[in-house]
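Labels below follow one simple rule: chain letters A, B, ... track the order of the sequence lines, proteins then strands, and each chain is numbered from 1. Hydrogens, waters and symmetry mates play no part in the numbers below; they use all other heavy atoms, side chains included.
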Amino acid sequence: MEVELAFSGWSGILVLALYGALMLGVGVFAYLRNRGMRESLDEYYLGGRGLGVMVLFFTFFATQYSGNTVIGYPPTAYRMGYQYLVSVPFFIMIIMVYLFFAPRLYALGRRFSLLTPVDWIELRFRSKSVSILAAILMLYGLANYLLEQFVAIGQGVSGLTGGTIPYQVGVIFFIVIMVAYSWLGGMRSVAYTDTIQGIALLFGVFTLLIGSLYYFGGLPSAAEYMQANSPEKLNPPDAAGLTRWFSLLVLVGIGAAIYPHAVQRIFSAKSEITLKRSFIRMAYMPFLTAGVVFTVGIIGIAAFPGLSTADSEQLVGIMANALANQNTFFYWAMVLLFGGVIAAIVSTADSVLLTFSSIISNDLYGRYIKPDASEYQKVLAGKLVGLVAVAILIVIAWYPPATLYQIFVLKFEVLIQVAPALILGLYWTRLNARAVFIGMLAGAVMAGVFTFMGYRPLGIYSGLWGLVLNTTICVVGTLLAGVDTASREHARKVIGFEY
Amino acid sequence: MKPRMSEPVRKRRVWIGFIVLFVLINPWYFASDAGSTLVMGIPVWALTVLGASLLLSIFITWTIRTQWQTDSDELYGCGNKGGRGKDSGCGKQSGDGGHDHSSGVRRGEEV
């Protein structure tokens, strides 16, 4: 995501400074409005379970769409042509997958006041080993996810300000602001800033699309160019491409829906209707975001032909530079676009950090280390451990280790291994806790080993192979070993509903 | 008394709808040179996939509106003391469900 933007120096700094001030202001506002907040886990981590449709929708939006959607997707569309159209349906798949577990998880969240995904796993299996393994996998995946966002913030800021603000200063500035408003207002701050960040991002991508259509020609001229020079970019995917398409739909659909910070948002909805309305809006957002940035990438094929793979990564920067040179409106619109991109990265990072802290507060410190701690102490423990994690991640972001770098790459592959416990546990009273533990561990190890070795049988991603093994062990293990009467009775009490 | 639950995962029509639409959003049913047929500069196969994607969004909307209904808000309360949005869809104020989030009581119900 290293985009050099010659057009933007001091104006970039101005927008970033204003943006930082606005975010801090939101934090102070959330703090003043809810002074009792720090005393309770519910208030700090779930916004008191009171998020309305608009805010809940944007906070879901911010967890699914990041700066990478704007900067990374157009270059991929540029290289793959229409075969990358899969980026639209895979975002819809996320909502479809939600429908297989969100209704029940929301109801259980209300009934048992669940706070984190691990909270649910603990309630369902009453197994220390399953809960701790799930917590570790989530913390590990979330930490790597956070690391990726930090690197992106640094590169984005240094790109937007034309190198005036060095990478390190950009990272520190935004992390300090992010931690400050998160500490001040918890989930409310995060959700309110997500809303502002989401609007900035939507404004940016639409301006980019309109500018591109107006100055660089529309889709017909792009198609004409492709017909003459690279007809394969117009064609549907071949057999290998179809496998890739299929596995992206499944992996992104399941993976993004069970991201711990995405699951936690289900618990923070004010009501069932609020949650439903947010999901309905989310079902159409892929057309307005992924669809728009995909079109920008396609227009780029004819407007800036012949870019190498490395050069094409700069596509959005190149297009923004060209648009900014047209007139003052587009100049500022492009400054805002890149401000919005950085905003989107920060908004993804703050959600991840909050969920990270909540798992520490509630599932490790509050459950095993000091169960009799007050809620205030639990929140504080989560905040402080979150801060230490952030400090360590900053060091890693600056001095990437030469070897074993791949242990910082695993995210999706590891997080997705919690899915069987999370989802099968919602429906299957016989599900055996030991089988869940072995499956989760084996799936995570397999996904990790396949990733390190660069092994991708049949072109299917390593995370999916791990998930297949994981689910198989859960199902076969349960069928072979069965479950004791007490566990089954407990499961019936927890997930028993009248249909 | 057990809480009531009407959910998409238990409805056959929802599964059928999702499976059919999932099959349609995978572009396996086009000839390999289908990219030469264009409408307004967009390959027809891509428009078809977009159309199927839109149908999926519409089907999701229908599923959420009609196939998902629980009584959890009535039984356990919804919103919070600060919740005052007109669109909360919650007929009752918090506390009705018997647990007060602000007092630090976490488990709504122990099992």
For A:V250, is it the side chain, the backbone, both or neither that has a heavy atom under 4.5 Å from a heavy atom of chain B?
side chain
Just give me the residue among A:V88, A:L249, A:D238 that pairs up with chain B most often, heavy atom to heavy atom, under 4.5 Å.
A:L249
Would you name the heavy atoms of B:S36 and A:Q227 that are closest together and state the gap between them?
O-NE2, 3.7 Å
CA sep, side-chain torsions, deciding dist, call: B:F22, A:M93, side-chain contact (heavy atoms from CB on, under 4.5 Å):
CA-CA 9 Å; B:F22 182 77; A:M93 284 290 292; 3.6 Å; yes
Might you point out which heavy atoms bring B:G35 and A:P236 nearest each other, and give the distance in Å?
N-CD, 3.9 Å
Chain A heavy atoms under 4.5 Å from B:I64: which part of the residue, side chain, backbone, both or neither?
both
Heavy-atom closest pair (A:L219 atom, B:M40 atom, distance to 0.1 Å) is CB-O, 4.2 Å
I need the minimum non-hydrogen distance between B:A34 and A:N235, along with the two atoms involved.
N-OD1, 3.8 Å
Among A:A223, A:P103, A:A283, single out the residue with the greatest number of heavy-atom pairs under 4.5 Å to chain B.
A:P103
Count the heavy atoms of every other residue, nucleotide or ligand shown that sit under 6.0 Å from CZ of A:R488, and state whether that count exceeds 12.
yes
Side chain, backbone, both or neither: which part of B:Q67 has an atom under 4.5 Å from a heavy atom of chain A?
neither
Where on A:F287 is there a heavy atom nearer than 4.5 Å to chain B: the side chain, the backbone, both, or neither?
side chain
Less than 3.5 Å apart, any donor N or O on the side chain of A:E272 or B:T70 sitting next to an acceptor on the other?
yes
Working to the nearest 0.5 angstrom, can you tell me the gap between A:I298 CD1 and B:I42 CD1?
9.5 Å
Given a strict heavy-atom distance threshold of 4.5 Å, which part of B:A31 is in contact with chain A: side chain, backbone, both, or neither?
backbone
Once side chain to side chain donor-acceptor pair (under 3.5 Å) is applied, what residue pairs with a partner in residues 40-65 of chain B remain, sequence neighbours excluded?
A:Y284-B:T61
Could you tell me which portion of B:M5 (side chain, backbone, both or neither) has an atom closer than 4.5 angstrom to a non-hydrogen atom of chain A?
both
Are A:L234 and B:L38 side-chain neighbours, meaning at least one heavy-atom pair lies under 4.5 Å?
yes
With a 4.5 angstrom heavy-atom cut-off, is it the side chain or the backbone of B:L54 that approaches chain A, or both, or neither?
both
Once rounded to the nearest 0.5 Å, what's the spacing between atom CD1 of A:I280 and atom CD1 of B:I58?
12.0 Å
Name all pairs fulfilling the side chain to side chain donor-acceptor pair (under 3.5 Å) condition that reach into residues 22-33 of chain B, sequence neighbours left out, sorted by first residue then second.
none
Can you tell me how far CH2 of B:W68 sits from CG of A:L99, rounded to the nearest 0.5 angstrom?
6.5 Å
Given side chains that start at C-beta, do those of B:D73 and A:R110 come closer than 4.5 Å, heavy atoms only?
yes
Do you know which of A:F246, A:Y427, A:W245 has the most heavy-atom pairs with chain B at a distance under 4.5 angstrom?
A:W245
For chain A, which of B:A52, B:S72, B:S6 has the most heavy-atom pairs under 4.5 Å?
B:S72
Determine whether the aromatic ring centres of A:F100 and B:F18 lie less than 6.0 Å apart.
yes
Below 4.5 Å from any heavy atom of chain B, which atoms of A:A222 appear? Answer side chain, backbone, both or neither.
neither
Can you check whether A:P89 reaches B:L56 side chain to side chain, under 4.5 Å on heavy atoms?
no
Looking only at non-hydrogen atoms, find the nearest pair between A:M96 and B:I60 and report the distance.
N-CD1, 3.9 Å
